[in-house]
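Below, all heavy atoms of this structure are taken into account, side chains as well, without hydrogens, waters or symmetry copies. Both counts, for ligands and for their atoms, begin at 1 and track the order of listing. In this text the structure is predicted, and so the values were computed from the model without any measurement.
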Amino acid sequence: MDAAPEDGRKGLHVITWGCQMNVYDSARMADVLRPLGYRPVDTPDAADMVILNTCHIRDRAAEKVFSELGRLRVVKDARAIEGRRTVLAVAGCVAQAEGKEILARAPFVDIVLGPQTYHRLPEMVARASRAAGAVIDTDFPAEQKFDFLPDTQARQTPGGITSFLTIQEGCDKFCSFCVVPYTRGAEASRAVASVLAEARRMVDAGAREITLLGQNVNAYHGAAPDGRVWGLARLAEALSAIPGLARIRYTTSHPRDMDEALIAAHRDLPALMPFLHLPVQSGSDRILDAMNRGHTAGQYLELVHRLREARPDIALSSDFIVGHPGETDADFEATMQLIRDVGFAQAFSFKYSPRPGTPAAGAALQVAEPVKDARLQALQALLRTQQDAFNDATVGRALPVLFTGRGRKPGQLSGRSPYLQAVHVDGPDTLIGQVTDVEIAERLTNSLSGTLVQERAFA
Ligand code: 5AD
Ligand code: SF4
(Lines give C-alpha, C1' and ligand atoms only; values in the text may rest on other atoms or scores of the structure.)
(Ligands and ions follow the chains in the order given, each with its own letter.)
Protein backbone atom coordinates (compact mmCIF):
# COMPACT_ATOMS: atom_id res chain seq x y z
CA MET A 1 0.00 0.00 0.00
CA ASP A 2 1.31 3.40 -0.93
CA ALA A 3 -0.57 5.88 1.22
CA ALA A 4 -0.31 9.15 -0.65
CA PRO A 5 -1.83 12.47 0.38
CA GLU A 6 -5.24 13.15 -1.11
CA ASP A 7 -3.94 15.08 -4.11
CA GLY A 8 -1.97 11.98 -5.20
CA ARG A 9 1.31 13.62 -4.30
CA LYS A 10 3.86 12.01 -2.08
CA GLY A 11 6.19 13.73 0.34
CA LEU A 12 9.95 13.43 -0.08
CA HIS A 13 12.38 14.45 2.65
CA VAL A 14 16.10 14.40 1.83
CA ILE A 15 18.73 14.80 4.54
CA THR A 16 22.09 15.74 3.03
CA TRP A 17 25.53 15.47 4.59
CA GLY A 18 28.82 16.48 3.06
CA CYS A 19 30.02 18.43 0.09
CA GLN A 20 28.34 20.51 -2.64
CA MET A 21 28.47 17.40 -4.78
CA ASN A 22 26.09 15.72 -2.36
CA VAL A 23 23.82 18.78 -2.29
CA TYR A 24 23.71 18.57 -6.07
CA ASP A 25 23.07 14.82 -5.99
CA SER A 26 20.17 15.36 -3.58
CA ALA A 27 18.62 17.80 -6.04
CA ARG A 28 19.06 15.21 -8.81
CA MET A 29 17.41 12.49 -6.74
CA ALA A 30 14.48 14.81 -6.13
CA ASP A 31 14.37 15.38 -9.91
CA VAL A 32 14.20 11.69 -10.81
CA LEU A 33 11.47 11.14 -8.24
CA ARG A 34 9.31 14.08 -9.33
CA PRO A 35 7.64 12.14 -12.17
CA LEU A 36 6.54 9.56 -9.57
CA GLY A 37 4.67 12.30 -7.70
CA TYR A 38 7.25 13.02 -4.99
CA ARG A 39 7.48 16.62 -3.81
CA PRO A 40 9.84 17.98 -1.12
CA VAL A 41 8.47 18.26 2.43
CA ASP A 42 10.22 19.83 5.42
CA THR A 43 9.98 17.06 8.00
CA PRO A 44 10.36 13.26 7.97
CA ASP A 45 6.95 12.69 9.55
CA ALA A 46 5.29 14.31 6.51
CA ALA A 47 7.37 12.20 4.13
CA ASP A 48 6.39 9.06 2.24
CA MET A 49 10.03 8.68 1.39
CA VAL A 50 13.10 9.77 3.35
CA ILE A 51 16.55 9.72 1.75
CA LEU A 52 19.70 10.04 3.81
CA ASN A 53 22.37 11.25 1.40
CA THR A 54 25.55 10.43 3.26
CA CYS A 55 29.20 11.43 3.16
CA HIS A 56 32.09 9.23 4.19
CA ILE A 57 34.80 11.87 4.40
CA ARG A 58 34.10 13.03 7.92
CA ASP A 59 34.92 11.23 11.12
CA ARG A 60 32.46 8.62 12.42
CA ALA A 61 30.28 9.11 9.35
CA ALA A 62 28.72 5.66 9.60
CA GLU A 63 27.87 6.11 13.28
CA LYS A 64 26.08 9.39 12.50
CA VAL A 65 24.07 7.61 9.82
CA PHE A 66 23.06 4.83 12.23
CA SER A 67 21.97 7.28 14.90
CA GLU A 68 19.87 9.24 12.36
CA LEU A 69 18.38 5.93 11.18
CA GLY A 70 17.44 5.18 14.79
CA ARG A 71 15.43 8.42 14.91
CA LEU A 72 13.82 7.73 11.53
CA ARG A 73 12.76 4.27 12.62
CA VAL A 74 10.60 5.87 15.31
CA VAL A 75 8.97 8.11 12.68
CA LYS A 76 8.46 5.16 10.32
CA ASP A 77 6.84 3.06 13.06
CA ALA A 78 4.55 5.93 14.13
CA ARG A 79 3.42 6.48 10.54
CA ALA A 80 2.86 2.73 10.09
CA ILE A 81 0.44 2.76 13.04
CA GLU A 82 -1.53 5.43 11.14
CA GLY A 83 -1.49 3.18 8.05
CA ARG A 84 1.08 5.28 6.19
CA ARG A 85 4.13 3.70 4.62
CA THR A 86 7.56 5.35 4.69
CA VAL A 87 10.24 4.25 2.24
CA LEU A 88 13.63 4.76 3.84
CA ALA A 89 16.66 5.06 1.56
CA VAL A 90 20.33 5.48 2.36
CA ALA A 91 22.35 6.97 -0.50
CA GLY A 92 25.84 8.36 -1.01
CA CYS A 93 29.28 7.24 0.01
CA VAL A 94 28.41 5.55 3.31
CA ALA A 95 25.82 3.48 1.45
CA GLN A 96 28.44 2.55 -1.09
CA ALA A 97 31.02 1.55 1.49
CA GLU A 98 28.80 -0.03 4.11
CA GLY A 99 25.68 -1.22 2.27
CA LYS A 100 25.61 -4.71 3.77
CA GLU A 101 26.37 -3.43 7.26
CA ILE A 102 23.44 -0.99 6.96
CA LEU A 103 20.99 -3.74 6.04
CA ALA A 104 22.31 -5.95 8.84
CA ARG A 105 22.13 -3.27 11.53
CA ALA A 106 19.08 -1.40 10.23
CA PRO A 107 16.80 -3.96 8.54
CA PHE A 108 13.97 -1.39 8.40
CA VAL A 109 15.89 0.44 5.63
CA ASP A 110 14.20 -0.21 2.26
CA ILE A 111 16.77 0.99 -0.25
CA VAL A 112 20.54 1.29 -0.20
CA LEU A 113 22.03 2.97 -3.24
CA GLY A 114 25.53 4.04 -4.18
CA PRO A 115 26.35 7.33 -5.92
CA GLN A 116 26.56 5.68 -9.33
CA THR A 117 23.01 4.40 -9.38
CA TYR A 118 20.75 7.43 -8.77
CA HIS A 119 19.19 7.18 -12.20
CA ARG A 120 17.80 3.79 -11.16
CA LEU A 121 16.08 5.27 -8.11
CA PRO A 122 12.53 5.24 -9.55
CA GLU A 123 12.88 1.54 -10.40
CA MET A 124 14.22 0.83 -6.91
CA VAL A 125 11.33 2.74 -5.32
CA ALA A 126 8.88 0.68 -7.38
CA ARG A 127 10.61 -2.53 -6.38
CA ALA A 128 10.82 -1.50 -2.72
CA SER A 129 7.11 -0.80 -2.55
CA ARG A 130 6.48 -4.32 -3.88
CA ALA A 131 9.30 -6.19 -2.13
CA ALA A 132 9.22 -7.58 1.36
CA GLY A 133 12.96 -7.13 1.86
CA ALA A 134 15.29 -4.27 1.04
CA VAL A 135 16.69 -3.32 -2.34
CA ILE A 136 20.41 -2.76 -2.60
CA ASP A 137 22.16 -1.25 -5.60
CA THR A 138 25.73 -0.16 -5.21
CA ASP A 139 27.19 -1.37 -8.50
CA PHE A 140 29.35 0.73 -10.75
CA PRO A 141 27.51 0.22 -14.04
CA ALA A 142 29.52 0.56 -17.20
CA GLU A 143 27.24 3.33 -18.50
CA GLN A 144 27.83 6.67 -16.98
CA LYS A 145 25.00 7.76 -14.77
CA PHE A 146 25.10 11.20 -16.42
CA ASP A 147 23.51 9.70 -19.50
CA PHE A 148 20.46 8.49 -17.61
CA LEU A 149 19.57 11.39 -15.36
CA PRO A 150 16.99 13.93 -16.39
CA ASP A 151 18.25 17.49 -16.41
CA THR A 152 18.26 19.31 -13.15
CA GLN A 153 15.70 22.06 -12.98
CA ALA A 154 17.85 25.08 -12.25
CA ARG A 155 15.22 26.42 -9.84
CA GLN A 156 15.86 23.37 -7.71
CA THR A 157 19.58 23.88 -7.36
CA PRO A 158 20.62 25.67 -4.21
CA GLY A 159 20.39 29.40 -4.52
CA GLY A 160 19.23 29.54 -8.13
CA ILE A 161 21.33 32.64 -8.88
CA THR A 162 24.43 30.67 -7.95
CA SER A 163 23.95 27.18 -9.35
CA PHE A 164 26.04 24.03 -9.18
CA LEU A 165 26.67 21.80 -12.15
CA THR A 166 28.38 18.42 -11.88
CA ILE A 167 30.69 17.83 -14.83
CA GLN A 168 32.94 15.11 -13.49
CA GLU A 169 32.77 12.30 -10.98
CA GLY A 170 35.11 9.86 -9.34
CA CYS A 171 38.85 9.92 -8.93
CA ASP A 172 41.83 7.87 -10.03
CA LYS A 173 44.37 9.49 -7.74
CA PHE A 174 44.15 7.05 -4.83
CA CYS A 175 45.48 9.31 -2.09
CA SER A 176 46.44 7.09 0.85
CA PHE A 177 43.76 8.47 3.18
CA CYS A 178 40.79 8.87 0.86
CA VAL A 179 37.73 6.71 0.18
CA VAL A 180 36.55 8.56 -2.93
CA PRO A 181 38.22 6.28 -5.53
CA TYR A 182 36.52 3.31 -3.85
CA THR A 183 33.11 4.86 -3.23
CA ARG A 184 32.72 7.09 -6.28
CA GLY A 185 34.66 4.90 -8.68
CA ALA A 186 36.90 5.77 -11.60
CA GLU A 187 37.20 9.26 -12.97
CA ALA A 188 34.49 10.05 -15.56
CA SER A 189 33.57 13.25 -17.39
CA ARG A 190 30.23 14.37 -18.69
CA ALA A 191 29.98 15.20 -22.40
CA VAL A 192 30.51 18.85 -23.36
CA ALA A 193 27.18 19.26 -25.17
CA SER A 194 25.23 18.07 -22.16
CA VAL A 195 27.16 20.40 -19.81
CA LEU A 196 26.60 23.40 -22.09
CA ALA A 197 22.90 22.60 -22.52
CA GLU A 198 22.36 22.35 -18.79
CA ALA A 199 24.34 25.55 -18.17
CA ARG A 200 22.17 27.40 -20.69
CA ARG A 201 19.01 26.15 -19.01
CA MET A 202 20.34 27.25 -15.62
CA VAL A 203 21.07 30.72 -16.99
CA ASP A 204 17.62 30.90 -18.62
CA ALA A 205 16.16 30.09 -15.21
CA GLY A 206 18.09 32.93 -13.55
CA ALA A 207 21.57 31.61 -12.75
CA ARG A 208 24.30 34.28 -12.94
CA GLU A 209 27.05 32.15 -11.48
CA ILE A 210 27.78 28.48 -12.12
CA THR A 211 30.17 26.41 -10.05
CA LEU A 212 31.40 23.36 -11.93
CA LEU A 213 31.65 20.40 -9.61
CA GLY A 214 33.68 17.23 -9.55
CA GLN A 215 35.72 15.27 -7.06
CA ASN A 216 38.69 15.97 -9.32
CA VAL A 217 37.14 18.63 -11.51
CA ASN A 218 40.26 19.84 -13.29
CA ALA A 219 40.90 16.32 -14.57
CA TYR A 220 37.80 16.98 -16.75
CA HIS A 221 38.12 15.54 -20.25
CA GLY A 222 34.72 15.59 -21.92
CA ALA A 223 33.81 14.42 -25.40
CA ALA A 224 33.01 17.50 -27.48
CA PRO A 225 30.85 18.00 -30.58
CA ASP A 226 34.00 18.81 -32.61
CA GLY A 227 35.11 15.20 -32.14
CA ARG A 228 37.86 16.19 -29.71
CA VAL A 229 38.23 15.83 -25.98
CA TRP A 230 38.00 19.13 -24.14
CA GLY A 231 39.78 19.96 -20.92
CA LEU A 232 38.38 22.26 -18.26
CA ALA A 233 39.99 25.39 -19.77
CA ARG A 234 38.24 24.88 -23.12
CA LEU A 235 34.96 24.12 -21.37
CA ALA A 236 35.24 27.28 -19.26
CA GLU A 237 35.87 29.28 -22.42
CA ALA A 238 32.71 27.92 -24.05
CA LEU A 239 30.71 28.57 -20.88
CA SER A 240 31.94 32.13 -20.65
CA ALA A 241 30.36 32.79 -24.05
CA ILE A 242 26.86 32.12 -22.66
CA PRO A 243 25.12 35.51 -22.48
CA GLY A 244 23.99 36.35 -18.96
CA LEU A 245 26.46 34.04 -17.22
CA ALA A 246 28.59 36.47 -15.22
CA ARG A 247 30.70 34.13 -13.14
CA ILE A 248 32.27 30.68 -13.41
CA ARG A 249 33.94 28.74 -10.60
CA TYR A 250 35.08 25.15 -10.24
CA THR A 251 35.87 22.83 -7.37
CA THR A 252 37.70 20.62 -6.28
CA SER A 253 41.00 20.62 -8.12
CA HIS A 254 44.14 18.52 -7.85
CA PRO A 255 47.53 20.28 -8.23
CA ARG A 256 48.69 17.70 -10.76
CA ASP A 257 45.82 18.55 -13.10
CA MET A 258 46.41 22.33 -13.15
CA ASP A 259 47.69 22.47 -16.72
CA GLU A 260 49.03 25.46 -18.68
CA ALA A 261 45.71 25.96 -20.48
CA LEU A 262 43.80 26.22 -17.22
CA ILE A 263 46.31 28.65 -15.72
CA ALA A 264 46.05 30.74 -18.90
CA ALA A 265 42.24 30.64 -18.65
CA HIS A 266 42.56 32.47 -15.31
CA ARG A 267 44.41 35.22 -17.19
CA ASP A 268 42.15 35.31 -20.24
CA LEU A 269 38.58 34.70 -19.07
CA PRO A 270 37.11 37.56 -17.04
CA ALA A 271 34.17 35.33 -16.02
CA LEU A 272 36.49 32.81 -14.40
CA MET A 273 36.60 34.04 -10.82
CA PRO A 274 39.97 34.73 -9.16
CA PHE A 275 39.47 32.15 -6.43
CA LEU A 276 40.85 28.64 -6.48
CA HIS A 277 40.35 25.78 -4.03
CA LEU A 278 43.51 23.76 -4.54
CA PRO A 279 44.06 21.19 -1.78
CA VAL A 280 47.68 20.50 -0.85
CA GLN A 281 47.03 18.39 2.31
CA SER A 282 50.62 18.70 3.63
CA GLY A 283 53.77 20.76 3.17
CA SER A 284 56.19 17.90 3.85
CA ASP A 285 57.60 16.04 0.85
CA ARG A 286 57.90 12.88 2.92
CA ILE A 287 54.22 12.97 3.89
CA LEU A 288 53.10 14.06 0.42
CA ASP A 289 54.86 10.95 -0.86
CA ALA A 290 53.25 8.75 1.81
CA MET A 291 49.92 10.29 0.83
CA ASN A 292 50.55 9.33 -2.81
CA ARG A 293 49.83 12.89 -3.89
CA GLY A 294 52.24 12.79 -6.82
CA HIS A 295 53.77 16.23 -6.20
CA THR A 296 56.18 17.94 -3.81
CA ALA A 297 55.72 21.08 -1.71
CA GLY A 298 58.08 22.88 -4.08
CA GLN A 299 55.95 21.95 -7.09
CA TYR A 300 52.87 23.30 -5.31
CA LEU A 301 54.64 26.59 -4.55
CA GLU A 302 55.76 26.81 -8.17
CA LEU A 303 52.18 26.27 -9.31
CA VAL A 304 50.95 29.04 -7.00
CA HIS A 305 53.62 31.30 -8.46
CA ARG A 306 52.47 30.59 -12.02
CA LEU A 307 48.83 31.13 -11.10
CA ARG A 308 49.69 34.48 -9.51
CA GLU A 309 51.66 35.49 -12.58
CA ALA A 310 48.60 34.74 -14.71
CA ARG A 311 46.10 36.35 -12.36
CA PRO A 312 47.85 38.46 -9.68
CA ASP A 313 44.80 38.84 -7.44
CA ILE A 314 43.90 35.12 -7.37
CA ALA A 315 42.84 34.02 -3.86
CA LEU A 316 43.80 30.54 -2.77
CA SER A 317 42.03 28.04 -0.60
CA SER A 318 43.14 24.57 0.40
CA ASP A 319 42.51 21.42 2.43
CA PHE A 320 44.99 20.23 5.05
CA ILE A 321 45.28 16.99 6.98
CA VAL A 322 47.30 16.92 10.19
CA GLY A 323 48.49 13.69 11.77
CA HIS A 324 48.69 11.47 8.68
CA PRO A 325 50.50 8.25 9.71
CA GLY A 326 54.21 8.92 10.07
CA GLU A 327 53.87 12.74 10.42
CA THR A 328 56.63 14.06 12.71
CA ASP A 329 56.96 17.50 14.30
CA ALA A 330 59.33 18.43 11.46
CA ASP A 331 56.78 17.33 8.84
CA PHE A 332 54.11 19.39 10.55
CA GLU A 333 56.42 22.40 10.68
CA ALA A 334 56.93 22.01 6.91
CA THR A 335 53.15 22.31 6.48
CA MET A 336 53.11 25.47 8.62
CA GLN A 337 55.95 26.86 6.49
CA LEU A 338 54.08 26.14 3.26
CA ILE A 339 51.07 28.00 4.66
CA ARG A 340 53.27 30.99 5.54
CA ASP A 341 54.83 30.88 2.06
CA VAL A 342 51.52 30.79 0.18
CA GLY A 343 49.16 32.92 2.27
CA PHE A 344 45.67 31.44 1.99
CA ALA A 345 42.42 33.38 1.77
CA GLN A 346 40.64 30.50 3.48
CA ALA A 347 41.11 26.77 4.06
CA PHE A 348 39.64 23.62 5.50
CA SER A 349 41.68 21.49 7.88
CA PHE A 350 41.14 18.06 9.35
CA LYS A 351 42.70 15.65 11.77
CA TYR A 352 43.64 12.47 9.94
CA SER A 353 41.13 9.74 10.67
CA PRO A 354 41.46 6.23 9.25
CA ARG A 355 38.95 5.12 6.63
CA PRO A 356 38.57 1.34 6.44
CA GLY A 357 39.97 -0.09 3.23
CA THR A 358 42.34 2.82 2.49
CA PRO A 359 46.13 2.23 2.57
CA ALA A 360 46.84 4.74 5.35
CA ALA A 361 44.31 3.12 7.69
CA GLY A 362 46.53 0.06 8.08
CA ALA A 363 49.81 1.99 8.24
CA ALA A 364 52.11 1.75 11.21
CA LEU A 365 53.03 4.93 13.12
CA GLN A 366 49.53 6.30 13.62
CA VAL A 367 49.82 9.71 15.31
CA ALA A 368 48.43 10.02 18.85
CA GLU A 369 45.15 11.92 19.21
CA PRO A 370 46.48 14.68 21.55
CA VAL A 371 49.31 15.37 19.09
CA LYS A 372 46.79 15.69 16.25
CA ASP A 373 44.67 18.02 18.40
CA ALA A 374 47.60 20.32 19.16
CA ARG A 375 48.71 20.42 15.51
CA LEU A 376 45.21 21.16 14.27
CA GLN A 377 44.85 24.04 16.73
CA ALA A 378 48.17 25.59 15.70
CA LEU A 379 47.38 25.18 12.01
CA GLN A 380 43.89 26.63 12.31
CA ALA A 381 45.19 29.62 14.30
CA LEU A 382 47.66 30.39 11.50
CA LEU A 383 45.02 29.95 8.79
CA ARG A 384 42.61 32.18 10.72
CA THR A 385 45.23 34.95 10.88
CA GLN A 386 45.73 34.67 7.13
CA GLN A 387 42.01 34.67 6.42
CA ASP A 388 41.50 37.78 8.57
CA ALA A 389 44.45 39.51 6.89
CA PHE A 390 43.06 38.66 3.46
CA ASN A 391 39.64 40.04 4.39
CA ASP A 392 41.14 43.14 6.06
CA ALA A 393 43.02 43.92 2.86
CA THR A 394 39.71 44.40 1.02
CA VAL A 395 38.53 47.14 3.41
CA GLY A 396 38.47 50.47 1.56
CA ARG A 397 38.41 48.75 -1.85
CA ALA A 398 35.48 48.55 -4.25
CA LEU A 399 34.61 44.96 -5.15
CA PRO A 400 32.03 43.68 -7.65
CA VAL A 401 29.46 41.76 -5.63
CA LEU A 402 26.91 39.31 -7.04
CA PHE A 403 23.81 39.73 -4.89
CA THR A 404 22.13 36.41 -4.19
CA GLY A 405 19.36 37.36 -1.77
CA ARG A 406 18.22 39.38 1.19
CA GLY A 407 20.45 39.67 4.24
CA ARG A 408 19.38 38.81 7.74
CA LYS A 409 18.42 42.37 8.69
CA PRO A 410 15.55 44.23 6.96
CA GLY A 411 16.65 46.22 3.92
CA GLN A 412 19.90 44.30 3.75
CA LEU A 413 21.24 42.39 0.75
CA SER A 414 23.78 39.63 0.80
CA GLY A 415 26.12 38.49 -1.92
CA ARG A 416 29.61 37.28 -2.78
CA SER A 417 32.78 39.02 -3.86
CA PRO A 418 34.92 37.50 -6.64
CA TYR A 419 37.00 35.96 -3.83
CA LEU A 420 33.96 34.16 -2.41
CA GLN A 421 33.69 36.47 0.59
CA ALA A 422 30.19 37.01 1.95
CA VAL A 423 29.28 40.71 1.63
CA HIS A 424 26.34 42.61 3.19
CA VAL A 425 25.03 46.03 2.21
CA ASP A 426 21.84 48.03 2.57
CA GLY A 427 20.15 48.08 -0.82
CA PRO A 428 17.02 47.41 -2.86
CA ASP A 429 15.79 43.91 -3.79
CA THR A 430 16.04 44.89 -7.46
CA LEU A 431 19.80 44.30 -7.20
CA ILE A 432 19.32 40.60 -6.43
CA GLY A 433 20.86 38.69 -9.34
CA GLN A 434 23.02 41.67 -10.35
CA VAL A 435 26.75 42.29 -10.04
CA THR A 436 27.30 45.72 -8.47
CA ASP A 437 30.34 47.49 -7.03
CA VAL A 438 30.46 47.71 -3.26
CA GLU A 439 32.92 49.74 -1.24
CA ILE A 440 34.01 47.53 1.63
CA ALA A 441 33.79 49.36 4.95
CA GLU A 442 34.31 46.70 7.59
CA ARG A 443 35.43 43.15 8.17
CA LEU A 444 33.19 41.14 10.47
CA THR A 445 34.06 37.63 11.73
CA ASN A 446 33.09 35.74 8.60
CA SER A 447 31.82 38.41 6.25
CA LEU A 448 32.33 41.94 4.97
CA SER A 449 29.98 44.89 5.06
CA GLY A 450 29.99 47.92 2.82
CA THR A 451 28.01 50.44 0.81
CA LEU A 452 26.82 50.46 -2.78
CA VAL A 453 29.19 52.56 -4.87
CA GLN A 454 26.31 53.76 -7.08
CA GLU A 455 24.34 54.95 -4.10
CA ARG A 456 27.24 56.93 -2.71
CA ALA A 457 27.62 58.68 -6.05
CA PHE A 458 24.02 59.93 -5.80
CA ALA A 459 24.10 60.72 -2.09
N1 5AD B 1 41.03 11.97 7.30
C2 5AD B 1 41.01 13.32 7.39
N3 5AD B 1 40.69 14.13 6.37
C4 5AD B 1 40.34 13.57 5.20
N5 5AD B 1 39.98 14.10 4.03
C6 5AD B 1 39.72 13.10 3.17
N7 5AD B 1 39.91 11.90 3.77
C8 5AD B 1 40.32 12.17 5.03
C9 5AD B 1 40.69 11.35 6.14
N10 5AD B 1 40.72 10.03 6.05
C11 5AD B 1 39.95 15.54 3.77
C12 5AD B 1 40.98 15.94 2.68
C13 5AD B 1 40.12 16.22 1.50
C14 5AD B 1 38.87 16.76 2.15
C15 5AD B 1 37.64 16.78 1.30
O16 5AD B 1 38.67 15.92 3.27
O17 5AD B 1 41.65 17.10 3.10
O18 5AD B 1 40.71 17.15 0.59
FE1 SF4 C 1 40.51 11.66 -2.67
FE2 SF4 C 1 40.97 14.06 -3.79
FE3 SF4 C 1 42.97 12.27 -3.48
FE4 SF4 C 1 41.02 11.83 -5.30
S5 SF4 C 1 42.52 13.51 -5.32
S6 SF4 C 1 41.87 10.34 -3.87
S7 SF4 C 1 39.22 12.70 -4.24
S8 SF4 C 1 41.80 13.33 -1.85
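Closest to atom 13 (C) of ligand 1 by heavy atom, among V180, D319, V179, is D319.
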Quiz prompt | Step-by-step ring pair (Phe, Tyr, Trp, His ring centres under 6.0 Å) determination, F350 to F177 | solution = CA-CA 12 Å; F350 312 94; F177 50 84; 9.4 Å; no

Self-check item: Stepwise salt bridge (charged side-chain N to carboxylate O under 4.0 Å, His left out) test for K173 and E187
Solution: CA-CA 9 Å; K173 294 281 192 289; E187 210 257 292; over 6 Å; no

Quiz item: Would S176 and H324 count as a side chain to side chain contact (heavy atoms under 4.5 Å, CB included) if you check the C-alpha gap in whole Å, the side-chain angles of each, and the deciding distance to 0.1 Å?
Solution: CA-CA 9 Å; S176 62; H324 183 276; 2.7 Å; yes

Quiz prompt | salt bridge (charged side-chain N to carboxylate O under 4.0 Å, His left out) evaluation trace for R384 with D388 | solution = CA-CA 6 Å; R384 183 83 228 178; D388 290 349; 3.3 Å; yes

Quiz item: What's the verdict on salt bridge (charged side-chain N to carboxylate O under 4.0 Å, His left out) for D110 and K76, showing C-alpha distance, side-chain angles and the deciding distance?
Solution: CA-CA 11 Å; D110 302 283; K76 181 170 173 150; 2.7 Å; yes

Quiz item: Would R201 and E198 count as a salt bridge (charged side-chain N to carboxylate O under 4.0 Å, His left out) if you check the C-alpha gap in whole Å, the side-chain angles of each, and the deciding distance to 0.1 Å?
Solution: CA-CA 5 Å; R201 268 190 299 275; E198 186 169 359; 5.7 Å; no

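In terms of protein heavy-atom proximity, atom 12 (C) of ligand 1 is closest to Q281 OE1, 3.4 Å. Scanning the protein heavy atoms around atom 9 (C) of ligand 1, the nearest turns out to be S353 O, 3.5 Å. Here the heavy atom of the protein found nearest to atom 4 (C) of ligand 1 is I321 CD1, 3.7 Å. Looking at atom 16 (O) of ligand 1, its nearest protein heavy atom turns out to be I57 CG2, 3.3 Å. In terms of protein heavy-atom proximity, atom 2 (C) of ligand 1 is closest to K351 O, 3.3 Å.
Between H254 and H295, the ring planes lie perpendicular to each other; the angle is over 60°, past the 30° to 60° tilted range. Note: F320 and F344 have perpendicular aromatic rings, judged against thresholds of 30 and 60 degrees for the angle between ring planes.
Contact annotation: C175 places an N, O or S atom under 2.8 Å from atom 3 (Fe) of ligand 2. Atom 4 (Fe) of ligand 2 has C171 among its coordinating residues (N/O/S atom, backbone or side chain, under 2.8 Å).
By the criterion of a heavy-atom distance under 4.0 Å, neither the backbone nor the side chain of P279 is placed next to ligand 2. Counting heavy atoms closer than 4.0 Å to ligand 2, residue F174 contributes backbone atoms (N, CA, C, O) but none from C-beta onward.
Taking the six-membered ring for Trp, Y419 and F390 have ring centres closer than 6.0 Å.
Within ligand 2, the atoms closer than 4.0 Å to a non-hydrogen atom of K173 are 4 (Fe), 5 (S), numbered from 1 in the order shown. Taking a cut-off of under 4.0 Å to the non-hydrogen atoms of C178, the atoms of ligand 2 that pass are 1 (Fe), 6 (S), 7 (S), 8 (S). Atoms of ligand 2 found under 4.0 Å from any heavy atom of H254, numbered from 1 in the order shown, are 5 (S). In summary, the atoms of ligand 1 found under 4.0 Å from a heavy atom of F350, numbered by their order in the structure, are 2 (C), 3 (N), 11 (C), 14 (C), 16 (O), 17 (O). Proximity to P181 (heavy-atom distance under 4.0 Å) selects the following atoms of ligand 2: 6 (S). The contact set between ligand 2 and F177, taken as ligand atoms under 4.0 Å from a residue heavy atom, comprises 8 (S).
Side chain to side chain, Q337 and D341 meet the donor-acceptor criterion of an N or O pair below 3.5 Å. For the 3.5 Å distance criterion, the side chains of S26 and R28 fail to qualify, holding no donor opposite an acceptor.
The closest approach between any non-hydrogen atom of M291 and ligand 2 is not below 4.0 Å.
For atom 2 (Fe) of ligand 2, the nearest protein heavy atom is 4.0 Å or more away.
In terms of N/O distances under 3.5 Å, ligand 1 is approached by F177. For ligand 1, none of its N or O atoms has an N or O atom of Y352 under 3.5 Å away.
Across all their heavy atoms, G114 and Q96 have their closest contact at CA-OE1, 3.2 Å.
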